There are 2 protein chains.
Amino acid sequence: MGWKTKQGQTETCYKFFTNLANPTRLAAIEHLMEKPMSVNELATALKQEQSMISHNLKPLLQCNIISIEKQGRKHIYTVNQETLNPIFNAIKNHAEKFCPRGGKCLRGDKS
Amino acid sequence: MGWKTKQGQTETCYKFFTNLANPTRLAAIEHLMEKPMSVNELATALKQEQSMISHNLKPLLQCNIISIEKQGRKHIYTVNQETLNPIFNAIKNHAEKFCPRGGKCLRGDKS
DNA sequence: GGTTTATATGAGTAATTATTCATATGAATA
DNA sequence: TATTCATATGAATAATTACTCATATAAACC
């Protein structure tokens, strides 16, 4: 496809949004925003398999949406608040301002 | 899945990011940011079928990421700059600050 | 060094999402 | 009102992405 070789913001954004357009990864991010955690802690919190969490953290790490700090055999993941806060705020504002009834249009609700 | 019924930012963001995590839709947005356009103008600019453009504009419209103004038989689409500008700026900053060599990590480049 | 604990990886399958082609709708104009 | 132009929709298929299970790696501790 043409866009794959195209330089510019579109391509950069595509990768970025792709990383965030996943419920497991977003839930992980939401939890990590509360406090940094290890893979198993996240797996427990999200009631998901450890391998699934690992698989999903990987692309976030590659994009520096999260970072890792190894403490012994635990890997503690931390979110990049500097990047994510403004984005989440922008979406929150969007939902409030442009979406009727508290962002209903953003929730897969067809009514 | 649990997250589908869960209230809150995660779910709202999921729908939002899903809409943007697509190369065709991002390319359309990029073009519409230059100037508002009709479906056929976009199809020509992106070298894509008209029906593909229509299919892709639909979810963006539902989320108010773009808006429509009907001029006769033409449907002119306009991007919601108020929402998109801060998000794209945040990603641009992220790429510059956190990604080596101009955001290479965001471009599916494994090197 | 062997064992336990923590995380990562690979490969196959399931689920989701995108795209295409045919056709429907709907507005303008002859 | 028949025709043309512009867009939307539906349904089938293609492509992508997520998930699961088995297993590998790797650090800590005995």
Side-chain angles (χ1 to χ4, degrees), chain A residues 1-4 10-11 14-29 31-32 36-63 65-78 106-108 110, chain B residues 1-4 10-11 14-29 31-32 36-63 65-78 106-108 110:
Chain A
M1 286 186 218
W3 65 272
K4 277 202 176 170
T10 293
E11 204 181 338
Y14 173 65
K15 187 77 185 295
F16 194 89
F17 290 132
T18 294
N19 280 320
L20 296 178
N22 174 288
T24 303
R25 289 195 287 275
L26 279 176
I29 287 170
H31 281 260
L32 291 177
M37 272 188 256
S38 71
V39 177
N40 273 332
E41 284 178 288
L42 261 179
T44 301
L46 300 179
K47 299 190 182 90
Q48 301 282 313
E49 293 224 343
Q50 170 271 317
S51 68
M52 186 174 159
I53 302 299
S54 278
H55 276 302
N56 277 289
L57 291 179
K58 190 178 181 182
L60 295 175
L61 187 61
Q62 282 178 337
C63 280
I65 291 168
I66 59 176
S67 60
I68 189 173
E69 191 203 344
K70 297 183 185 179
Q71 293 185 355
R73 41 191 171 190
K74 289 196 177 182
H75 296 186
I76 308 297
Y77 285 91
T78 306
L106 288 175
R107 294 206 179 100
K110 274 156 191 168
Chain B
M1 288 188 214
W3 66 272
K4 277 204 176 171
T10 294
E11 203 183 337
Y14 172 65
K15 185 76 185 296
F16 195 88
F17 290 133
T18 295
N19 279 319
L20 296 177
N22 174 288
T24 303
R25 288 194 287 275
L26 279 175
I29 287 169
H31 280 260
L32 291 178
M37 269 188 257
S38 70
V39 177
N40 272 333
E41 282 178 290
L42 263 177
T44 302
L46 301 179
K47 298 190 182 92
Q48 301 283 311
E49 291 225 346
Q50 171 270 317
S51 69
M52 185 173 161
I53 302 300
S54 278
H55 275 303
N56 277 289
L57 292 179
K58 190 178 180 181
L60 295 175
L61 187 61
Q62 281 178 338
C63 280
I65 291 168
I66 59 176
S67 60
I68 190 174
E69 192 203 343
K70 297 184 184 179
Q71 294 185 353
R73 41 192 173 192
K74 289 198 177 180
H75 296 187
I76 307 298
Y77 285 91
T78 306
L106 289 175
R107 298 210 178 98
K110 274 157 193 169

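Numbered from 1 within each chain, the chains take letters A, B, ... in sequence-line order. Everything quoted here is computed from the prediction, not taken from an experiment.
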To the nearest Å, give me how far apart [atom1] ([X]) and [atom2] ([N]) are.
X: Ile53(A); N: dT9(C); atom1: CD1; atom2: P; value: 15 Å
X: Tyr14(B); N: dT17(D); atom1: OH; atom2: P; value: 12 Å
X: Lys70(A); N: dA26(D); atom1: NZ; atom2: P; value: 9 Å
X: Met37(B); N: dT7(D); atom1: CE; atom2: C1'; value: 16 Å
X: Met52(B); N: dA12(D); atom1: CE; atom2: P; value: 21 Å
X: Ile68(A); N: dA6(C); atom1: CD1; atom2: P; value: 15 Å
X: Asn19(A); N: dT17(D); atom1: CG; atom2: C1'; value: 12 Å
X: Glu49(A); N: dT13(C); atom1: CD; atom2: P; value: 17 Å

If you compare all heavy atoms of [X] against all heavy atoms of [Y], which two are closest, and at what distance to 0.1 Å?
X: Ile68(B); Y: Leu61(B); answer: N-CD1, 3.8 Å
X: Met37(B); Y: Leu42(B); answer: SD-N, 4.1 Å
X: Arg25(A); Y: Pro59(A); answer: CD-CG, 4.2 Å

Nearest to the side chain of [X] - [options]?
X: Lys74(B); options: dT7(D), dG26(C), dT19(C); answer: dT7(D)
X: Ser54(A); options: dC21(D), dT7(D), dT9(C); answer: dT9(C)
X: Val39(A); options: dC5(D), dA18(D), dA8(C); answer: dA8(C)
X: Asn22(A); options: dA8(C), dT7(D), dC19(D); answer: dC19(D)

To the nearest 0.5 Å, what is the distance between CG (Leu32(A)) and CG (Leu60(A))?
8.5 Å
Roughly how far apart are Asn22(A) CG and Ile29(A) CD1, rounded to 0.5 Å?
9.0 Å
Base, sugar-phosphate, or nothing for Lys58(A), non-hydrogen atoms under 4.0 angstrom?
sugar-phosphate
Which part of the nucleic acid, if any, lies within contact of Ser51(A), taking any heavy atom under 4.0 Å across all strands shown: a base, the sugar-phosphate backbone alone, or nothing?
base
Indicate whether His55(A) forms a stack on dT9(C); treat it as stacked only if centroid distance is below 5.5 angstrom and interplanar angle below 30 degrees.
yes
Quick one: the side chain of Gln50(A) and the base of dA6(C), do they pair up donor-acceptor inside 3.5 Å?
no
Can you check whether any acceptor in the base of dT4(D) is under 3.5 Å from a donor in the side chain of Arg73(B), or vice versa?
yes
Report yes if at least one side-chain N or O of [X] is closer than 4.0 Å to OP1 or OP2 of [N]; otherwise report no.
X: Tyr77(A); N: dA8(C); value: yes
X: Ser38(A); N: dA6(C); value: no
X: Asn40(A); N: dT5(C); value: no

dA30(C): pairing nucleotide in any strand, Watson-Crick or G-U under 3.5 angstrom:
dT1(D)
Close side-chain approach of Phe16(A) to Ile65(A), heavy-atom, < 4.5 Å:
yes
